[in-house]
Amino acid sequence: MPGVSVARDRAASAAGARVAGIAFHPAWKRRWLLAFAICCALVLMLLVALLALFYEGVGLWGNNIPVTWALDIVGYDWWIGIGCGGLMVSAWLGLSEPGLRAPLDRLAQTIALMAAIGAAIYPIIHLGRPWFFYWNIPYPNRLDLWPQFRSPLVWDAMAILGFLTTAFCLWTTGLLPDLALLRDRADSRWRQVIYGVAALGWRGSAGQWARWRHAQLIFAVCGLLIVVSLQSGAAVMFAGTAEPGWHDALLPVFFLMVAIYSGVAAIALIALLVRAVFDLRDLISARHVASLGLLLLTTGLATTYCYMMSFFATALGGDRYELDVLGRRGTGPYAWSLWIVFACALLPIHLLWSGPLRRSPVALAFVSLLALIGLWMDRFMILVITLHRDFLPSSEHPYAVSLWALATFFGIAGFVGALLLLALRYLPVMAIGEFREGRLRLRAAEVPGE
Amino acid sequence: MSERRAPLFAVAATYPAGVDLVPVVRALQRADFGRIDVFGPVPMPEVSALIGVRHAAVGWIGLGGALFGLAGFFFMCCWATLVDYPFLIGGRPAFSWPYFVIPSLSFGVMCGAAATLFAFLFLARLPRLNHPVFNIEGFERATQDRAFVTVEPKGDDVEPEQIAEVLRRTAPLPLALERVPR
């Protein structure tokens with residue numbers, strides 16, 4: 001593999017030791033503990049919010065008739081969007097060379113799984129009686145009742161289950177060789193036992209590697225399928241209602257693009273945070289930062305295109321209700337949500353046309369954070385502006401965000417953050433095997449028989 | 001030497017990771033001593049092709065699982081709405097097949113991923129914490145900077161010394177040779 005510098009080769013040779021060092025003896029224990037404590041406090045807040053919710057009902061969130069889908073579905077769509085983007089980016093990275101893939105792939109997969117767990121909480125707690133969540137799933141029962149297969153609710157249940165299964169399989173099997181490395185580098189008996197059991201006794205035989213590779217590839221293909229199915233399914237679910245503003249034929253692509261954009265933004269933000277906090281500047285190199293910048297710019301532009309096209313198509317061919325929704329997005333009582341989308345998600349990415357800004361971690365992290373905020377507002381705009389006023393003036397009703405809904409959102413953010421922190425602290429933060437593969441191939445090519 | 005008296009699992013040779021082990025595997029295959037396996041910190045596509053690893057089975061089982069899940073869920077939807085509990089709702093036709101496709105696809109992917117996982121674990125013989133290769137001296141470096149070749153003699157007539165002789169004669173030369181007890 002030409003073009004790999006000596007410095008990078010040396011960095012790669014130390015990668016295993018570095019990643020094991022992060023898991024065993026982090027230099028930033030205090031910062032980690034502080035962040036983990038904040039996340040745990042948010043999880044406590046979530047528990048209180050959930051108790052209040054189960055006691056009071058979903059009206060506590062400010063949901064009303066007609067705004068039955070508010071921050072709960074906004075939160076669900078946002079988290080699952082990040083999850084879908086993570087899985088999609090991981091599948092894309094599978095096509096790239098190991099040197100580019102290794103430091104980002106594990107992060108993308110971890111973010112995908114944890115964000116999907118965060119998303120999966122919402123549809124359950126949004127049910128009036130969450131303890132009956134399994135009624136969504138067909139199971140043998142003596143009442144001879146079935147879920148309504150002609151309703152999109154079943155789609156959601158199956159899509160989430162499929163997504164979680166795929167992301168879990170991809171993530172856990174991907175971890176096996178790296179867990180085995182931690183087992184073999186462990187400096188205490190209990191670490192050896194815990195990582196040894198977690199690695200399932202990975203031996204690194206030629207057969208195991210070949211099947212592992214193949215399985216990883218298949219999981220990536222499953223990931224692509226489930227991402228497209230989940231996001232376009234969600235869009236068709238919107239189109240399945242009578243509500244105005246949700247019937248554009250572009251909507252499935254629109255949802256998919258927004259999801260990938262938010263996933264790329266989340267990966268960029270967390271990769272840059274990890275890079276700064278763990279001091280991984282040699283592993284997540286300037287080249288990775290620049291690649292993330294390009295990916296963010298590309299997905300951001302594609303999202304902008306979807307926005308413009310959906311406005312254009314509505315203006316060109318929408319009926320009066322569709323046009324009314326479009327007008328209210330720009331000027332109505334919730335118009336601020338659209339302008340936040342523009343200000344945070346669609347305009348700042350144009351900063352990334354500039355090479356120096358694209359390669360600057362601080363600028364990239366800032367643009368990613370803005371994009372995540374903007375894309376949250378995108379979901380809010382799509383849901384609330386349509387729902388609060390449909391066809392009849394009599395069914396119009398204002399919606400106000402309640403503190404409980406915000407507490408639930410930030411509580412779930414804390415929960416996802418805690419999971420991420422645990423994974424970053426105790427698991428290998430990057431695929432060491434893949435990093436090493438590039439180096440060994442290079443060495444074998446240069447010095448046969450060394 | 002109690003290890004010598006323990007039943008023999010294999011003869012193991014240690015190499016630096018990253019060397020081309022294809023000549024070694026070929027030499028051992030020509031001598032036909034028994035089952036050959038190679039261990040190392042990175043995937044070894046050439047070696048695994050040479051020793052005849054049929055990794056595609058993982059994919060076929062995964063595809064089978066996915067198709068089973070897809071068809072199974074679709075027919076379950078049909079059976080529930082057409083046969084077991086026909087129910088007129090919103091004037092929708094009972095056989096609303098486009099509605100059945102999306103959850104069937106999700107369920108198919110889920111079954112495919114699960115089948116792939118189980119196929120991978122079964123074919124890679126995982127989890128197994130007590131494999132005899134862990135008896136090789138320094139095997140913990142197999143995940144770091146060493147590669148190992150093991151030959152399991154196929155009968156009592158194959159002497160470990162014969163295997164060691166072939167390994168000693170073949171380039172690249174091993175860093176160490178060892179009889180591995182079972």
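Keep in mind that this is a model prediction, so the values were computed, not measured. These values consider heavy atoms only, across backbone and side chains, with no hydrogens, waters or symmetry-generated copies. Lettering of chains follows the sequences in order, A, B, ..., and the numbering in each one begins at 1.
- With a 4.5 angstrom heavy-atom cutoff, A/Arg185 touches chain B via backbone and side-chain atoms both.
- With a threshold of 4.5 angstrom between heavy atoms, A/Pro147 does not approach chain B through any atom at all.
- Ring-plane geometry between A/Phe149 and B/Phe73 is classed as perpendicular, the angle between the planes exceeding 60 degrees on a 0 to 90 degree scale with a lower cut at 30.
- Looking at A/Ile218, only its side chain comes within 4.5 Å of chain B, counting heavy atoms on both sides.
- The shortest distance between side-chain heavy atoms of A/Arg211 and B/Val53 falls below 4.5 Å.
- Contacts of A/Leu176 with chain B are made by side-chain atoms alone, with heavy-atom separations under 4.5 Å and no backbone atom involved.
- Counting heavy-atom pairs closer than 4.5 Å to chain A, the top-ranked of the candidates B/Cys77, B/Gly90, B/Ser96, B/Gly108 is B/Cys77.
- Only the side chain of A/Thr173 comes within less than 4.5 Å of a heavy atom of chain B; its backbone N, CA, C and O stay farther away.
- The shortest distance between side-chain heavy atoms of A/Arg150 and B/Phe100 falls below 4.5 Å.
- Between B/Tyr99 and A/Trp155, the ring-plane angle classifies as tilted under the 30° and 60° cut-offs.
- A/Val221 does not touch chain B: none of its heavy atoms, backbone or side chain, sits under 4.5 Å away.
- At least one donor-acceptor pair closer than 3.5 Å links the side chain of A/Trp209 to the backbone N or O of B/Gly40.
- With a 4.5 Å cut-off on side-chain heavy atoms, B/Leu117 and A/Phe219 count as touching.
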